[in-house]
Participant: 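Can you read through this structure? Questions will come right after.
Naming convention: chains lettered A, B, ... in sequence-line order (proteins, then strands); numbering from 1 in each chain.
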Amino acid sequence: MSDSGSSLHLAVALDGAGWHPAAWREPGARPTELLTPRYWSDLVIEAERGLLDFVTIDDSLGLQSSSRTESDRRTDQVRGRLDAVLVAARVAPLTSHIGLVPTVVVTHTEPFHIAKAIATLDYVSSGRAGVQVRVSARPDEAAHFGRRTLPRISLDDLSTPQAQELIGDLFAETADYVEAVRRLWDSWEDDAEIRDVATGRFVDRDKLHYVDFEGRWFNVKGPSITPRPPQGQPLVSALAHQSVPYRLVAGSADIGYVTPHDATQVREIVAEIRAGQAAAGRAGETVHILGDLVVFLDDSAPAAEARRARLDDLAGSPYVSDAPVFVGTPAQLADLLQEWHLAGLSGFRLRPGTIPHDLEQITRALVPELQRRQAFRTGYAAGTLRGLLGLTRPANRYAAV
Amino acid sequence: MSRPLKQIHLAAHFPGVNNTTVWSDPQAGSHIEFSSFAHLARTAERAKFDFLFLAEGLRLREQNGLIYDLDVVGRPDTFTVLAALAAVTERLGLAGTINSTFNEPYEVARQFASLDHLSGGRAAWNVVTSWDAFTGENFRRGGFLPQEQRYRRARNFLQTAGELFDSWHGDEIVANQATGDFLGEPDAGAFAHHDPDFDIAGRFNVPRSPQGRPVILQAGDSEEGREFAASSADAIFSRYATLTEGQAFYADVKGRLARYGRTHDELLILPAATFVLGDTDAEARDLAHQVRLQQVSGQTAIKFLEQLWNRDLSGYDPDGPLPEIDPDPGEHTIARGRASVRMYRDPVATARQWRERATAEKLSIRELIIEVTGRQTFTGAPATVADAINDLVQADASDGFILVPHVTPGGLDGFADTVVPLLQERGVFRTEYEGETLRDHLGLGAPRRTGEALRVAS
Ligand SMILES: Cc1cc2nc3c(=O)[nH]c(=O)nc-3n(C[C@H](O)[C@H](O)[C@H](O)COP(=O)(O)O)c2cc1C
């Protein structure tokens, strides 16, 4: 198969009508269907047609906003979204190969609930589940829960010691969370269910384990109520823009999404994460580092530029993102992906500027282009997300060897 | 003519963690794999049932400090399974038990609103208060809330969730591509709720779902539980599936509705019920006995007894007489994470009754437990069972039943093929779904705005 070590991995990040705030106004957009199951299954089936490794489904515990610290009163952008884990589960039975990676906000949720939800997503998808863990530092989201108050930090205050301490704490809590979730996934050995009629025992309780996680922010006793999922450990991923989250990726994740703007930055970020892995004692483990790019793709570069300009006009301001914004042809994008792949990225998570247009450009133009260059698979060779990413099923930490 | 025949409501409970589920049956499949859930859901939908029901447990049960290993152990996550089932069914309601003690309203409300969107209006929420500090050890906030505070939190939780569901009216998304107005209302989803349990404010981020909010089920049985149901639930999942007990419960709970400005039809009573079918009544009775023996092994009988006695009784012979010693009246320590414990409000008196009965009827421990935990509501040939169900419903002992098969996942197949057609022939059960949403199936009107009923009452 063409799925060799040198082949790059490709995912798409799905959110609303696409990542440009005016995407919903494009002719092909379906702005009144964003909350329907048909819309989401159409998108994921399209991504699977393009043989992509996985889709991520964005989520938050607050209403979308143009501000990073509070909700706004804008009426010209998409507002409202569905729970991403449920969307992934709804689509799972309708697809068979593509990985499903919903976002969960860890700051206000329970590791026990999330561990069983993602394990169950792995069951309903026969081994295609992952999760993107996300920190919420927004005071308005904290106010939806009323259990803690978070100070408002503007972008300008980000480097103050208070802000850095808060961010450090939120990410340290996330690392604890991921550790608790991973232990819960392992809390059942694979063969714990024995159905031994002779002794009347349904399970062998010696193969069920208390996880006894005790941390600064919470304790979890365990075991999980859900048996170990098909992949053993579904894949944990996180978006990372700076050193604190790089450490989370290095120490806790299987996949990191990063936002370098050139090949030099690619090398620097990859080196930092690899060093972090070594420091965390994970040098031998595979951590895939994917570059995040927002993409506007058309047959010609001027057409793509013009489309982006038209969207910016509709939005009233030029689109900016945390990730680099690529505007051009699928072939030009393929050049860039190959260059950054050589510089050390395992692959990419593309954020379509508009849906369905840019999604279809990815699945129907970029993918064939990469296949022509023998840089991307021509068929699914594995049934699980771990398999697609070249990862084996991990041993259970609690199993006696 | 007497009054027209009542239409029966039927739902299916996915058999899981408790000793009614016979895992040793050669027909028993996985209780975790999605294919099992899909099978039961498709059968229920083929039979035109109102909904499929999932129970909840948030900690593996323990007895004598050890994980309980005789029954089915483990279950998948409720929301995730229900969302996946929405993909393989079209009309069947999808009901999930979610507790109000170890969750937060914003998160649960958005999960149910999402499920309602993703299923085209088929979501239902069985609100439970969950157990104890033992369960709490799995959660951030740890063990908390004594029993009496749990219903207050449940009431406030449901009220808050209702306000979140109602924070979008359903007409805010205009998505006018020409004018650039996505929302017609800048403050869509705005809410503020302040009570001793929840002090929250902001914007709810799931726009109004097809049903407006999920159908609300309630399972509590105490005075507080009944009041809670009368004020706030669309249906009660009860334990009283016999004529006398059922009628008493039905009359009691429906009698409480007026106080909340609600009518008789706004709350359905749906007891849990088991069934065993045979070609003849005699064959079904034989089969039922075999099932009971599988459900209550000697070991299971001793474990049951220990839960009432609150003592280690592992030295007793299940085929011998009941213990002479009385239950330990102290703090209940032997079984943890088990609902049934609360049923035994006066253990010493119950033990005395059981002993008298065992002596009078010459029952061994195992035989007695089989008798006192008897849960087979309907046993017989299909026509017998159909008549029994219909008689109970027409006599206002219930509005229908939530059926708990004892085999996963095929345990409902025979019922769907034989009993349902008879109920349809008798004109008491639908032959086609008439509406799209679960509210339609249950004959419930549009949901009231949260707080409306309570306001009428005060
Ligand atoms: C038929 C029935 C089913 C129930 N199912 C569950 C369940 O799945 N999960 C749960 O936590 N509680 C369940 N409960 C427990 C109730 O929610 C409630 O907590 C319990 O009955 C105690 O409340 P009470 O004091 O009002 O009776 C169930 C109760 C009944 C009667």
Side-chain angles (χ1 to χ4, degrees), chain A residues 24-25 31-32 35-37 60-63 71 73-83 85-87 89-94 108-110 112 116-117 119-121 123-124 140 143-146 188 193 195 197 200-205 208 217-223 225-227 314, chain B residues 23-24 32-34 38 57-60 66-67 69-77 79-81 83-84 86-88 102 104 106-107 110-111 114-115 117-118 120 137-140 142 173 175 177 180-189 198-203 205-207 297 299-300:
Chain A
W24 68 272
R25 299 183 65 181
T32 57
L35 305 171
T36 63
S60 62
L61 292 174
L63 199 61
S71 66
R73 300 185 76 241
R74 290 182 76 139
T75 55
D76 62 335
Q77 299 178 355
V78 169
R79 293 290 180 265
R81 55 168 36 131
L82 302 179
D83 181 274
V85 176
L86 270 71
V87 172
R90 176 63 176 78
V91 171
L94 307 175
H108 304 296
T109 60
E110 295 283 354
F112 191 85
K116 67 182 160 64
T120 303
L121 181 61
Y123 278 104
V124 303
D140 66 321
H144 293 163
F145 289 81
W188 289 58
E193 184 179 315
R195 297 191 185 225
V197 178
R201 290 175 309 146
F202 181 79
V203 286
D204 177 355
R205 63 162 79 97
L208 299 175
W217 292 274
F218 56 84
N219 301 332
V220 178
K221 181 73 186 171
I225 58 158
T226 305
L314 285 172
Chain B
W23 53 261
S24 55
I32 298 291
E33 295 296 333
F34 181 62
L58 294 172
R59 177 130 183 216
L60 302 186
L66 296 171
I67 288 170
D69 59 358
L70 302 179
D71 297 345
V72 167
V73 176
R75 54 179 114 213
D77 177 64
F79 282 119
T80 315
V81 167
V88 299
F102 301 109
E104 297 299 326
Y106 194 95
E107 187 184 11
R110 74 186 299 268
Q111 287 169 314
S114 297
L115 181 64
H117 279 288
L118 292 169
E137 287 175 20
N138 279 331
F139 297 96
R140 280 177 186 252
I173 296 182
Q177 291 181 313
D181 292 316
F182 185 83
L183 290 185
E185 157 62 56
D187 294 314
F198 306 106
D199 185 12
I200 65 174
R203 305 275 297 273
N205 73 349
V206 184
S297 68
Q299 284 162 291
T300 300

Participant: Where does B/Ile173 contact chain A at under 4.5 Å (heavy atoms): side chain, backbone, both or neither?
Facilitator: side chain
Participant: B/Glu185, B/Glu33, B/Arg59: which one forms the most heavy-atom pairs within less than 4.5 Å of chain A?
Facilitator: B/Arg59
Participant: Please name the pair of heavy atoms, one in B/Ala83 and one in A/Ala89, separated by the smallest distance, quoted to 0.1 Å.
Facilitator: CB-CB, 3.8 Å
Participant: Going by heavy atoms in the side chains, are A/Trp188 and A/Thr226 under 4.5 Å from each other?
Facilitator: no
Participant: Using a 4.5 angstrom heavy-atom cutoff, name the option from B/Val206, B/Thr300, B/Leu60, B/Asp199 with the most pairs to chain A.
Facilitator: B/Leu60
Participant: Okay, side chain of B/Tyr106, backbone of B/Asn205: is any donor-acceptor separation there less than 3.5 Å?
Facilitator: yes
Participant: Set out, in order, the CA-CA distance, both residues' side-chain angles and the distance that settles side chain to side chain contact (heavy atoms under 4.5 Å, CB included) for B/Phe182 and A/Arg74, then state yes or no.
Facilitator: CA-CA 9 Å; B/Phe182 185 83; A/Arg74 290 182 76 139; over 6 Å; no
Participant: Using a cut-off of under 4.5 Å on heavy-atom pairs, state which of A/Arg195, A/Arg90, A/Lys221 scores highest against chain B.
Facilitator: A/Arg90
Participant: Is it the case that the side chain of A/His144 and the backbone of B/Arg203 share a donor-acceptor pair, with hydrogens and angles ignored and the cut-off at 3.5 Å?
Facilitator: yes
Participant: Who among A/Asp76, A/Thr109, A/Leu314 has the most heavy-atom pairs with chain B under 4.5 Å?
Facilitator: A/Thr109
Participant: Can you sort out the partners of A/Thr75 under side chain to side chain contact (heavy atoms under 4.5 Å, CB included), two or more places apart, ordered by chain and number?
Facilitator: B/Asp181, B/Leu183, B/Pro186
Participant: Could you pull out the closest heavy-atom pair between A/Ile225 and A/Pro227, with the gap in Å?
Facilitator: O-CD, 3.8 Å
Participant: Can you name the closest pair of heavy atoms from A/Thr32 and B/Ala175 and give their distance?
Facilitator: CG2-CB, 3.8 Å
Participant: Please look at B/Ala38 and chain A and tell me whether the side chain, the backbone, both or neither of the residue comes under 4.5 angstrom of a heavy atom of that chain.
Facilitator: neither
Participant: Select one option (side chain, backbone, both, neither) describing which atoms of B/Glu137 are under 4.5 Å from chain A's heavy atoms.
Facilitator: both
Participant: So which of B/Ser297, B/Ala188, B/Gly202, B/Ser24 has the biggest tally of heavy-atom pairs under 4.5 Å with chain A?
Facilitator: B/Gly202
Participant: Side chain, backbone, both or neither: which part of A/Val87 has a heavy atom under 4.5 Å from chain B?
Facilitator: both
Participant: By a 4.5 Å heavy-atom criterion (distance strictly below it), what part of A/Ala92 contacts chain B: side chain, backbone, both, or neither?
Facilitator: neither
Participant: Is it the side chain or the backbone of B/Val81 that comes within 4.5 Å of chain A heavy atoms, both, or neither?
Facilitator: both
Participant: Counting only non-hydrogen atoms closer than 4.5 Å, does B/Ala86 touch chain A with its backbone (N, CA, C, O), its side chain (CB onward), both, or neither?
Facilitator: both
Participant: Taking all atoms of both residues into account, what is the closest heavy-atom pair of A/Pro93 and B/Phe34, and its distance?
Facilitator: CG-CE2, 3.9 Å
Participant: Just so I understand: if I count every heavy-atom pair under 4.5 Å between each of B/Ile67, B/Asp69, B/Leu66 and chain A, which residue has the most?
Facilitator: B/Asp69
Participant: Sort out for me which of A/Tyr123, A/Trp24, A/Trp217, A/Phe218 touches chain B most, counting heavy-atom pairs under 4.5 Å.
Facilitator: A/Trp24
Participant: What are the two closest non-hydrogen atoms of A/Asp140 and A/Ser71, and how far apart are they?
Facilitator: OD2-N, 3.3 Å
Participant: For B/Phe139, is it the side chain, the backbone, both or neither that has a heavy atom under 4.5 Å from a heavy atom of chain A?
Facilitator: both
Participant: When you measure from the side chain of B/Trp23 to the backbone N and O of B/Leu70, does any donor-acceptor pair fall under 3.5 Å?
Facilitator: yes
Participant: Taking every non-hydrogen pair under 4.5 Å, which of A/Ser60, A/Ala119, A/Gly146 racks up the most with chain B?
Facilitator: A/Ser60
Participant: Using non-hydrogen atoms only, which part of B/Asn138 is less than 4.5 Å away from chain A: side chain, backbone, both, or neither?
Facilitator: both
Participant: Quick check: closest heavy atoms across B/Ser114 and A/Leu86, and the distance to 0.1 Å?
Facilitator: CB-CD2, 4.1 Å
Participant: Which one wins on heavy-atom pair count under 4.5 Å against chain B: A/Val197, A/Asp83, A/Leu94, A/Thr36?
Facilitator: A/Asp83
Participant: Between B/Glu104, B/His117, B/Arg110, who has the most heavy-atom pairs with chain A when the cutoff is under 4.5 Å?
Facilitator: B/Arg110
Participant: Please state whether the side chain, the backbone, both or neither of B/Glu107 comes within less than 4.5 Å of a heavy atom of chain A.
Facilitator: both
